[in-house]
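Every value quoted in this text rests on a predicted model; they were computed, and no experiment measured them. Letters A, B, ... mirror the listed sequences (proteins, then strands); counts begin at 1.
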Amino acid sequence: MKNSEIARVFHDMADLLELKGENIFKIRAYRRAAQVIEHLPKEMAIMLEQGEDFQKIPGVGDAIAKKSTELIKTGKLEAYESLKAEFPEGITRLLEIPGIGPKTAPLLSSELKITSAAQLEEAIQEGKVADLFRMGDKTAQNLLHKIEAMRRKDQRIPIGQALPIVEDILSSLSSLPGVKNMTSAGSLRRFRETVGDIDIMGTADNPENVINEFVAFPVVKEIIAKGPTKASVILAPGLQADLRMVEHDSFGSLLQYFTGSKQHNIALRTKYQKKGLKLSEYGITDVAHDRLEKFATEEAFYKRLGMQYLPPEIREDQGEIELSEEHAIPRLIDLRDIKGDFHAHSDWSDGNNTIEEMALAAKNEGYKYMAITDHSKGLGIAHGLTEERLKEQVREIRGLNQKFKGFRILSGMEVDIRADGSIDMPDHMLAELDCVVGAVHSSFNQSEERVTRRILKAIENPHVDIIAHPPSRLIGEREPTAVDMEAVFKAAVKYKKALEINAMPSRLDLKDIHIQRARELGVMLAIGTDSHIAAQLKLMRFGIGIARRGWCEPKHILNCLSLEKVLAFFKR
DNA sequence: GCCGTTTTCGGCCCGACTGTTTTCAGTCG
């Protein structure tokens with residue numbers, strides 16, 4: 001059983017316990033454990049095999065450790081099953097409707113036999129809901145609006161779609177007169193792979209004017225709420241955006257608060273509460289003297305607590321608070337550390353630009369090298385190269401390299417790892433190349449055993465240097481393959497192969513927790529943009545963002561090495 | 001249910017908003 005499934009059980013249990021009216025702190029304990037387990041870099045099933053103590057996981061004590069063990073060993077949990085049996089099927093779905101909490105859901109279920117948003121809508125229209133205890137006409141009508149908004153608003157969208165939209169908004173807002181600060185917060189700033197809504201924070205001499213300009217932007221489809229300091233809107237792609245204008249002198253604590261994560265903030269507040277400090281979005285209050293200190297910057301806020309500044313990407317309550325107090329947060333990788341790209345296509349296969357155009361674009365990024373990795377013939381739809389054409393391409397690249405100074409095009413190929421793990425290009429051809437990227441493009445539904453063996457076989461091939469996106473997922477579209485990542489990481493270390501962090505916003509694969517675990521085990525990671533047009537080289541920043549979430553320093557990333565060291569790693 | 005450089009028991013993040021209420025419950029972020 002995977003961590004994500006274990007986490008879902010505990011999340012569900014928390015909901016059910018809440019409906020039952022259990023102790024709120026018990027419920028929170030289940031939620032916290034679920035959240036921690038979901039983001040654990042290592043599978044608990046493997047920890048169990050290796051005899052590790054679950055109680056070392058923060059938020060996991062005796063009871064949840066035992067329950068986790070039961071889940072892993074039997075695939076079921078007695079306590080969960082009996083808890084579920086106490087409630088009508090589907091009641092937890094009601095909790096997903098905004099405005100419906102643990103008190104209203106049982107009320108709707110027991111009084112009106114409602115278990116879905118559609119049924120609730122109907123009951124409201126028939127006037128049944130307004131008559132319930134502590135409800136009323138206004139509450140019922142608001143619920144109707146919220147259900148509509150929930151349908152209109154799309155689910156979480158990939159950061160690759162959200163970020164450009166937000167950057168446009170930010171640049172428009174920043175250019176307004178009187179604006180001092182303007183930045184995004186929330187999961188977007190922490191660079192999560194998907195974002196649910198957009199938070200923007202700013203300060204200005206005339207905040208009301210800024211709000212008025214904001215709601216009039218063409219990208220705004222609908223205004224949900226608008227006041228003197230805050231506006232909520234729905235943007236054209238079905239994304240909610242909140243703009244908050246605050247005082248200059250408390251911008252730091254507000255930005256810190258709205259950047260989150262929620263878990264990070266709760267952990268921080270709990271910790272400093274014990275030391276007599278009350279943390280809030282307005283600043284820090286010394287409880288003994290009842291004096292509020294304000295902070296204009298996040299740096300000042302963390303400094304007041306004796307902490308090292310924390311990059312937003314790692315504020316997830318996964319040990320960063322303690323390390324920051326010890327001033328032991330490593331310097332995370334940055335776009336400026338990147339010396340090259342290991343995954344790019346040209347018009348020789350399914351790319352749009354010539355090799356020379358791609359190389360010039362890479363040189364413009366300040367890179368020292370770039371691998372051209374067109375598809376192999378296995379991928380018919382992508383005009384994969386035959387042996388003859390690959391030989392021609394190698395010759396062309398040799399010629400082009402004569403023209404460049406201080407920049408090298410690496411001859412490469414993205415070869416197809418067939419269903420049986422074989423490579424669709426003979427070894428003697430691969431031996432001619434600087435850099436071979438192996439990737440899975442078919443048979444995504446193989447069993448865990450088969451897909452894992454398939455990828456291990458590719459790793460063992462002495463000519464393959466990098467394995468691209470092993471889980472081969474597409475965010476929101478295609479589920480990851482069942483591959484056993486732990487086995488892949490160990491093989492990559494053993495055979496000294498790099499694993500790719502694919503920077504395409506629809507992939508971001510490896511994902512953050514995979515990166516963390518791979519890094520712990522000593523796997524070298526290579527960021528590839530998978531560019532099919534020159535402009536996509538700019539996608540590198542998405543790879544960087546996800547790598548930062550995986551706590552990567554330059555030493556963990558192949559792209560930060562000099563050309564000589566890269567070639568030595570490839571043993572060419 | 002978890003946790004401890006004040007605690008193995010007694011705490012558990014903080015504040016805002018809304019609507020139904022006459023002082024607060026419920027929900028949210």
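Across all strands shown, B/dT8 forms no Watson-Crick or G-U wobble pair with both distances under 3.5 Å.
No more than 12 heavy-atom neighbours from other residues, nucleotides or ligands sit within 6.0 angstrom of NZ on A/Lys128. Crowding of A/Arg331 atom CZ: a count of heavy atoms from other residues, nucleotides or ligands under 6.0 Å exceeding 12. For A/Lys84, the NZ atom sits in a packed shell: over 12 heavy atoms of surrounding residues, nucleotides or ligands are nearer than 6.0 Å.
Remark: A/Phe295 engages A/Phe301 in a ring pair (Phe, Tyr, Trp, His ring centres under 6.0 Å) (not counting sequence neighbours). The side-chain contact (heavy atoms from CB on, under 4.5 Å) check on A/Glu86 picks up A/Lys20, A/Leu83, with sequence neighbours excluded. Listed by chain and residue number, A/Lys42 satisfy the side chain to side chain donor-acceptor pair (under 3.5 Å) test with A/Gln50 (two or more places apart in sequence, or in another chain). Partners of A/Phe542 by ring pair (Phe, Tyr, Trp, His ring centres under 6.0 Å), not counting sequence neighbours, listed by chain and number: A/Phe191. Evaluation of the side chain to side chain donor-acceptor pair (under 3.5 Å) rule for A/Lys66 yields A/Asp62 as partners, not counting sequence neighbours. Judged as a side chain to side chain donor-acceptor pair (under 3.5 Å), and not counting sequence neighbours, the contacts of A/Asn212 are A/Lys226.
Across B/dG15 and B/dT21, the matching P atoms stand 28 Å from one another, rounded to whole Å. B/dC3 and B/dC13 have their P atoms separated by 13 Å, given to the nearest Å. A distance of about 22 Å separates the P atoms of B/dT22 and B/dC17, rounded to the whole Å. Taking atom P on both B/dC12 and B/dT18, the two are 28 Å apart, rounded to the nearest angstrom. Taking atom P in both B/dA16 and B/dG11, one finds a spacing of 25 Å when rounded to whole Å. If you take atom P in B/dT8 and the same atom in B/dC14, they sit 22 Å apart, rounded to whole Å. Comparing the P positions of B/dT7 and B/dG1 gives a spacing of 25 Å, expressed to the nearest Å.
If you measure from atom CD of A/Glu322 to atom P of B/dT5, you get 11 Å, rounded to the nearest angstrom. Here B/dC13 presents its C1' atom at 14 Å from CD1 of A/Ile284, a figure rounded to the nearest Å. One interatomic measurement links the two molecules: CG of A/Asp62 to C1' of B/dC3, which rounds to 13 Å at whole-angstrom precision. Going from atom CG of A/Leu143 over to atom C1' of B/dT20 covers 14 Å, rounded to whole Å. Atom pair A/Ile266:CD1 and B/dC14:P shows a separation of 10 Å (rounding to whole Å applied). Atom pair A/Ile321:CD1 and B/dC13:C1' shows a separation of 12 Å (rounding to whole Å applied). Going from atom CG of A/Leu277 over to atom P of B/dT6 covers 13 Å, rounded to whole Å. The interatomic distance linking A/Lys271 (NZ) with B/dC13 (P) rounds to 14 Å, in whole Å.
Contacts of residues 33-41 of chain A with DNA chain B (heavy atom under 4.0 Å): none.
Note on A/Lys230: nothing from the nucleic acid sits closer than 4.0 angstrom, heavy atoms only. Contacts of A/Leu279 with the nucleic acid, taken as non-hydrogen atoms under 4.0 Å apart, involve only primed sugar atoms and P, OP1 or OP2. Residue-level contact check: A/Ile64 touches the backbone only, with heavy atoms under 4.0 Å from sugar-phosphate atoms and none from bases.
Taking the ring centre of A/Phe25 as origin, the terminal cationic atom of A/Arg32 falls outside the region bounded by 6.0 Å and 45° from the ring axis.
Side-chain N/O atoms of A/Thr139 include one lying less than 4.0 angstrom from OP1 or OP2 on B/dT20. Remark: A/Tyr282 is in phosphate contact with B/dA16, judged by side-chain N or O atoms under 4.0 Å from OP1 or OP2. In terms of phosphate contacts, A/Asn265 brings no side-chain nitrogen or oxygen within less than 4.0 Å of OP1 or OP2 of B/dC14.
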Only distances under 3.5 Å count here; give the side-chain donor-acceptor pairs of residues 168-176 of chain A to other protein atoms, sequence neighbours excluded, each with its distance to 0.1 Å.
| unit_1 | atom_1 | unit_2 | atom_2 | d |
| --- | --- | --- | --- | --- |
| A/Ser171 | OG | A/Asp168 | O | 3.3 |
| A/Ser172 | OG | A/Asp168 | O | 3.1 |
| A/Ser174 | OG | A/Leu170 | O | 2.7 |
| A/Ser175 | OG | A/Ser171 | O | 3.4 |
| A/Ser175 | OG | A/Ser172 | O | 2.8 |

Taking distance alone, no hydrogens or angles, what donor-acceptor pairs closer than 3.5 Å link side-chain atoms of residues 320-327 of chain A to residues at least two apart or in another chain?
| unit_1 | atom_1 | unit_2 | atom_2 | d |
| --- | --- | --- | --- | --- |
| A/Glu320 | OE1 | A/Asp317 | N | 3.2 |
| A/Glu320 | OE1 | A/Gln318 | N | 2.6 |
| A/Glu320 | OE2 | A/His264 | ND1 | 2.7 |
| A/Glu320 | OE2 | A/Glu316 | N | 3.1 |
| A/Glu320 | OE2 | A/Asp317 | N | 2.5 |
| A/Ser324 | OG | A/Gln308 | N | 3.2 |
| A/Ser324 | OG | A/Gln308 | O | 3.0 |
| A/Glu325 | OE1 | A/Lys271 | NZ | 3.0 |
| A/Glu325 | OE2 | A/Tyr272 | OH | 2.6 |
| A/His327 | NE2 | A/Gly306 | O | 3.2 |

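Residue pairs meeting the salt bridge (Lys or Arg N to Asp or Glu O under 4.0 Å) criterion with at least one member in residues 240-255 of chain A, sequence neighbours excluded: A/Asp199-A/Arg244, A/Asp249-A/Lys294.
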Can you tabulate the close N/O pairs, meaning under 3.5 Å, that link protein atoms to atoms of nucleotides 25-29 of chain B?
| unit_1 | atom_1 | unit_2 | atom_2 | d |
| --- | --- | --- | --- | --- |
| B/dA25 | O4' | A/Arg134 | NH2 | 3.1 |
| B/dT27 | OP1 | A/Gly101 | N | 2.7 |
| B/dT27 | OP1 | A/Gly101 | O | 3.4 |
| B/dT27 | OP1 | A/Thr104 | N | 3.1 |
| B/dT27 | OP1 | A/Thr104 | OG1 | 2.3 |
| B/dT27 | OP2 | A/Pro102 | N | 3.3 |
| B/dT27 | OP2 | A/Lys103 | N | 3.1 |
| B/dT27 | O5' | A/Gly101 | N | 3.4 |
| B/dT27 | O3' | A/Gly99 | N | 3.4 |
| B/dC28 | OP1 | A/Gly99 | N | 2.4 |
| B/dG29 | N2 | A/Tyr257 | OH | 2.7 |
| B/dG29 | N3 | A/Tyr257 | OH | 3.2 |

Under 3.5 Å, which protein N or O atoms sit close to an N or O of nucleotides 8-12 of chain B? Give each pair with its distance.
none

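The residue among A/Lys274 and A/Asp137 whose nearest nucleotide of DNA chain B is located toward the 5' end is A/Lys274.
Taking 90° from 0 as the syn/anti boundary, the base of B/dT7 is oriented syn.
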